[in-house]
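What follows is a single structure, written as C-alpha cells, with notes after it.
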Amino acid sequence: MKLATWNVNSLAVRLPQLMDWLAQHQPDVVALQETKLTDEKFPHQALRDAGYHACWFGQRTYNGVALLSREPVDDVVKNIFGFADEQARVIAGSVRGLRVIGAYFPNGQAPGTDKFEYKLQWMRALRDWVREELARHPKLVLMGDFNIAPEDRDVYDPVAWTGQIHCTDEERHHFRELLALGLHDAFRLFEQPPKSWSWWDYRNLAFRKNQGLRIDHILVSDALRPAVEACGIDKAPRKNERPSDHAPVVLTLADAALG
DNA sequence: ATGACACCATCGTGGTGA
C-alpha cells in the first residue's frame, strides 16, 4: 500500500500535475494540503474518473485539505475535535483498518506574533486529539505539511534559520511531543541522502541550488512501524514548469499488515 | 535592510506563505 502527502499550493492550478502524478505512481491514499478551494469547487468528478474517492474540506483563498483513496473512506472527521477553528486544516478518515489524518499545520509567520500563538495552540489541540485517535485506532498515519523542520539536518542553512519560523525550539518541541505519543518519522526510519528537503522557496533559484527545508512529514504509529517498507521524497514534480513549492512525500506499507 | 516568487481576490495593490 502506497500513501503520500503533497502540499499542492492551489489545486485549481495544480490539478493537471496531480492527475499526471497519480497516473504515474498509483498511490492508494493521498493527503493534499493548500487546495485553496471552496467545497463546491472541489474537482471530485475528475478524481473519480481517475479512480479515486475523495473527501475534502476547503475554504476560500487559503488552506483547504483533502484525502484521496482508491478504496472508499469511512468515519471522516474535519478539523481537530474539540478545537474551534475558522481555518480548514485537518481531514481524517479510515481505509482498510488504517486511520489516516491529513494535516496542514499553521505557518506561524514569526515568533511573537498572533499567528505563532495560534500555531502553538493548534499543535497542542492536535496532540491531545491524536492521542485519543491513537487509542481508538492503533494503526494510524499522521501526514501533511507540518511547517516544522524537526532538526538542523532538515535545514539547508541551520545557522541562518536558528530561531526562525519552522525552526524554533517551541515548534521542534511540539514535533517531539507528537513522536512521544508513539509515532515515528517514517522518513528517518531509512538511510536518506543528505540535504533532503520537501520544500524550496520559489525565490532565489532555491530549488536549483537545493536550498530547502524538510517540513512535510509522514508519522506512523508503533503498531504500523513493522509494516513500513519505504519512505522518500519525490522531487520530480518540483521540476515541472509551474510547480508547487512543495514536493510529495511517499510511504510504502506492507499489505500483509493491513485489513 | 529589503526583495526576490507564487497564489488569491480583484483590477491596483495588499495578504499570506515559508
Side-chain angles (χ1 to χ4, degrees), chain A residues 5-18 21 31-43 56-66 85-90 102-123 126 143-175 187 195-217 233 235 237-249:
Chain A
T5 178
W6 192 6
N7 179 326
V8 292
N9 186 16
S10 169
L11 185 54
V13 173
R14 229 65 66 191
L15 183 62
Q17 289 180 38
L18 174 64
W21 194 80
L32 301 177
Q33 301 87 41
E34 286 208 85
T35 56
K36 297 185 175 178
L37 292 173
T38 50
D39 285 343
E40 74 274 9
K41 290 184 179 164
F42 190 86
W56 58 93
F57 179 40
Q59 65 179 87
R60 205 175 85 120
T61 315
Y62 302 117
N63 309 314
V65 286
D85 198 344
E86 300 283 302
Q87 307 184 22
R89 295 188 171 277
V90 176
Y104 175 45
F105 285 47
N107 172 294
Q109 201 166 58
T113 64
D114 288 350
K115 293 194 175 77
F116 190 74
E117 200 49 46
Y118 165 68
K119 183 175 194 171
L120 297 179
Q121 298 282 355
W122 189 96
M123 289 190 296
L126 179 76
M143 60 180 168
D145 176 357
F146 284 55
N147 274 317
I148 303 172
E151 301 177 55
D152 278 354
R153 61 176 165 162
D154 300 311
V155 182
Y156 73 95
D157 186 347
V159 174
W161 280 79
T162 300
Q164 300 295 310
I165 196 66
H166 310 119
C167 302
T168 65
D169 291 342
E170 293 100 317
E171 292 165 283
R172 287 176 170 181
H173 167 77
H174 275 281
F175 188 83
F187 188 78
K195 303 185 190 304
S196 289
W197 325 124
S198 66
W199 170 86
W200 301 258
D201 201 307
Y202 283 122
R203 298 167 291 188
N204 306 322
L205 305 172
F207 183 71
R208 245 167 58 181
K209 295 189 279 192
N210 197 31
Q211 297 178 341
L213 307 174
R214 192 177 71 94
I215 55 177
D216 300 85
H217 307 296
I233 297 168
K235 286 173 72 166
R238 191 62 175 78
K239 299 171 185 166
N240 284 331
E241 195 170 327
R242 208 149 71 113
S244 168
D245 42 356
H246 296 255
V249 185

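Here is how names work: the chains are called A, B, and so on, in the same order as the sequence lines, proteins then strands, and each is numbered from 1.
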With a 4.5 Å cut-off on side-chain heavy atoms, are [Y] and [X] touching?
X      : Y      : value
A/T5   : A/Q33  : yes
A/I215 : A/D145 : yes
A/K235 : A/W200 : yes

Among [options], which is the nearest nucleotide to the side chain of [X]?
X      : options               : answer
A/Y104 : B/dA18, B/dT16, B/dC8 : B/dA18
A/A12  : B/dG17, B/dC7, B/dC8  : B/dC8
A/R14  : B/dA18, B/dA6, B/dC8  : B/dA6
A/Y202 : B/dA4, B/dT16, B/dA6  : B/dA6
A/Y62  : B/dA18, B/dC7, B/dT16 : B/dT16
A/N7   : B/dA18, B/dC5, B/dT16 : B/dA18
A/T61  : B/dC7, B/dC5, B/dA9   : B/dA9

Problem - Flag for A/Y202-A/N9: side-chain donor and acceptor within less than 3.5 Å - result: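 Indeed, the side chains of A/N9 and A/Y202 share at least one donor-acceptor pair under 3.5 Å.
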Practice task
Check whether any side-chain nitrogen or oxygen of A/S244 sits under 4.0 Å from OP1 or OP2 of B/dA6, and answer yes or no.
Solution key: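 The answer is no; no side-chain N or O of A/S244 sits under 4.0 Å from OP1 or OP2.
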Exercise for the section: Indicate whether OP1 or OP2 belonging to B/dA18 is found under 4.0 Å from a side-chain N or O atom of A/N147. Expected result: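 Looking at the OP1 and OP2 atoms of B/dA18, one of them is under 4.0 Å from a side-chain N or O of A/N147.
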With heavy atoms under 4.0 Å as the rule, sort [X] into base, sugar-phosphate or nothing.
X      : result
A/E34  : sugar-phosphate
A/D201 : nothing
A/D145 : sugar-phosphate

Using atom [atom1] of each nucleotide, how far apart are [N] and [M] to the nearest Å?
N      : M     : atom1 : value
B/dT2  : B/dA6 : P     : 23 Å
B/dA18 : B/dA4 : C1'   : 14 Å
B/dT16 : B/dA1 : P     : 23 Å

Handout entry: Side chain A/N107 and base B/dA18 donor-acceptor under 3.5 Å
Key =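 Yes, a donor-acceptor pair under 3.5 Å.
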Handout entry: Residue whose closest nucleotide on DNA chain B lies nearer the 5' end, A/Q109 versus A/R60
Key =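 Looking at DNA chain B, the more 5' nearest nucleotide goes with A/R60.
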